[in-house]
Amino acid sequence: MTPVTRQADDADLAGAAKVIRHADAAGLAAAAEVARAALTLDGGEGAALVERLARPPAGRRWTALVMDGGVVMASVSAKDPAVGHLDLLAVHPDARGRGHGRALVGAAEEWLRSEGATQARFAGNPPCYAWPGIDVRYTAAACLAESLGYERYHVAWNMTADLGADLSVEEEPVRLAEAGVSVHAASASTEQGLAADRERVAAFVREHWNENWAWEAANAAGLHYAERDGRILGFAAWGARPAWFGPMGTAPEARGLGVGGVLLRRCLAEMRAAGLSSAQIGWVGPLRFYSHAVGARAERVFWLYRRDLA
């Protein structure tokens with residue numbers, strides 16, 4: 001991160017602490033506490049989101065800009081360097097109404113321009129993101145974006161799966177074994193790097209889908225996979241984005257075997273064991289699959305915003 005300090009306008013901050021600065025380790029810790037207090041719709045995940053965004057994929061340029069009572073995190077990826085992302089914006093409840101949000105967005109836009117971005121988006125920057133866009137229930141954030149000239153250009157949604165339901169899979173592995181398919185939990189990563197089986201799964205995901213999903217599989221808290229004759233057929237992951245499920249996928253040759261449902265329920269059972277009562281299935285595509293497999297319902301809606309940077 002390039003060290004830059006910005007003095008916010010007096011009119012914006014109405015007597016509050018005016019210095020916006022790039023966060024060091026202490027600043028990130030303070031930002032995590034602000035996010036914990038501010039992000040009331042995210043079940044105590046605010047601090048984990050700051051930590052996750054501060055450990056992005058290699059090659060991503062990012063910053064965390066902080067002030068007394070507020071934080072904004074922004075990033076630019078090498079894949080699309082003209083587009084900058086406002087990944088997280090949080091203002092402590094005790095500091096609201098003083099122009100902190102407006103000042104922080106302005107500082108983030110200034111940083112994005114300095115990095116060569118010509119457009120700013122309130123939109124997730126996969127594979128390391130907090131949300132697909134602005135949760136519509138954070139209405140003040142959506143109002144702020146629109147007041148600053150951002151246009152809404154897309155809608156995304158999550159599904160919610162209750163983890164009190166029956167997630168047992170005792171019979172399915174037996175049925176899959178009859179078809180020569182076995183299911184496994186991938187080993188955890190260590191400081192020395194990815195475990196061999198996790199690296200195999202990440203390579204499978206990279207081959208069949210994309211690098212973003214491969215990064216999420218490699219960095220997931222939990223990763224389950226199915227294989228036959230040494231060939232991986234499908235995977236499911238959770239916790240790459242803290243406390244959310246996804247991604248998951250099944251190779252064409254394995255579709256219809258029920259591999260996806262087994263891997264999904266194994267992940268959800270693991271999430272329940274980790275203390276969660278429900279699971280967010282992030283940035284959903286196939287509504288019918290998740291609804292049928294575990295009774296998930298479409299619930300959280302996100303608006304994606306963008307504006308050109310002059």
Side-chain angles (χ1 to χ4, degrees), residues 57 126-129 132 156-163 165-189 194-274 276 279-296 298:
C128 182
Y129 64 93
W157 53 85
N158 284 6
M159 297 184 79
T160 301
D162 293 326
L163 300 184
D166 180 13
L167 299 172
S168 60
V169 292
E170 284 84 356
E171 297 179 3
E172 286 89 340
V174 174
R175 178 179 54 77
L176 290 176
E178 293 173 351
V181 177
S182 58
V183 291
H184 311 274
S187 304
S189 299
L194 293 183
D197 57 349
R198 188 171 284 251
E199 180 56 49
R200 284 182 60 225
V201 177
F204 163 78
V205 176
R206 188 177 295 110
E207 175 188 356
H208 287 272
W209 289 276
N210 53 61
E211 184 62 41
N212 284 344
W213 278 23
W215 185 91
E216 290 186 84
N219 288 276
L223 177 64
H224 296 256
Y225 65 98
E227 65 179 346
R228 179 168 55 193
D229 299 328
R231 179 178 174 82
I232 295 176
L233 300 176
F235 81 103
W238 72 273
R241 189 282 187 195
W244 285 15
F245 172 84
M248 72 168 292
T250 305
E253 65 194 84
R255 289 171 190 164
L257 294 175
V259 166
V262 171
L263 296 175
L264 167 64
R265 287 193 291 277
R266 282 172 64 103
C267 278
L268 296 185
E270 196 170 76
M271 295 175 76
R272 180 171 63 192
L276 297 171
Q280 287 292 300
I281 304 171
W283 225 318
V284 171
L287 289 170
R288 288 185 295 173
F289 168 75
Y290 292 111
S291 176
H292 175 74
V294 292

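Tyr129 meets the ring pair (Phe, Tyr, Trp, His ring centres under 6.0 Å) test with Trp283; sequence neighbours excluded. For Arg200, the side-chain hydrogen bond (donor to acceptor under 3.5 Å, both in side chains) criterion is met by Glu227, not counting sequence neighbours. Under the ring pair (Phe, Tyr, Trp, His ring centres under 6.0 Å) criterion, Phe245 pairs with no residue, sequence neighbours left out. Partners of Glu207 by side-chain hydrogen bond (donor to acceptor under 3.5 Å, both in side chains), not counting sequence neighbours: none found. Scored by the ring pair (Phe, Tyr, Trp, His ring centres under 6.0 Å) test, His292 finds no partners at all (sequence neighbours excluded).
Of all non-hydrogen atoms in Pro132 and Asn158, the two that sit nearest each other are CG-OD1, 4.3 Å. Closest approach of Leu223 and Ala237 over heavy atoms only: CD1-CB, 3.9 Å. Nearest heavy-atom pair across Gly180 and Arg228 is O-CG, 3.1 Å. The shortest non-hydrogen separation linking Ala226 to Val183 is CB-CG1, 4.0 Å. Taking all atoms of both residues into account, the shortest heavy-atom contact from Ala217 to Val205 is CB-CG2, 4.3 Å. Residue Ala221 comes nearest to Arg198 through the heavy atom pair O-NH2, 4.2 Å, listed as atom of the first residue, atom of the second, then distance.
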Subject >> Stepwise side chain to side chain contact (heavy atoms under 4.5 Å, CB included) test for Arg241 and Gln280 >> reply: CA-CA 10 Å; Arg241 189 282 187 195; Gln280 287 292 300; over 6 Å; no
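Residue pairs meeting the ring pair (Phe, Tyr, Trp, His ring centres under 6.0 Å) criterion with at least one partner in residues 215-239, sequence neighbours excluded, are His184-Tyr225, Trp209-Phe235.
Atom CG of Asp162 is separated from atom CG of Leu276 by 12.0 Å, given to the nearest 0.5 angstrom. Note that CG of Leu268 is 6.0 Å distant from CD1 of Ile281, once rounded to the nearest 0.5 Å. Rounding to the nearest 0.5 Å gives a distance of 4.5 Å between CZ of Arg272 and CG of Leu167. We find the OG1-CG distance between Thr250 and Leu257 to be 9.0 Å, quoted to the nearest 0.5 Å.
Of the possible donor and acceptor atoms, one in the side chain of Asn210 sits under 3.5 Å from a partner among the backbone N and O of Asn212.
With contacts defined as side-chain heavy-atom distances shorter than 4.5 Å, the pair Tyr290/Met248 qualifies.
Counting non-hydrogen atoms of other residues, nucleotides and ligands closer than 6.0 Å to CZ of Arg255 gives a total above 12.
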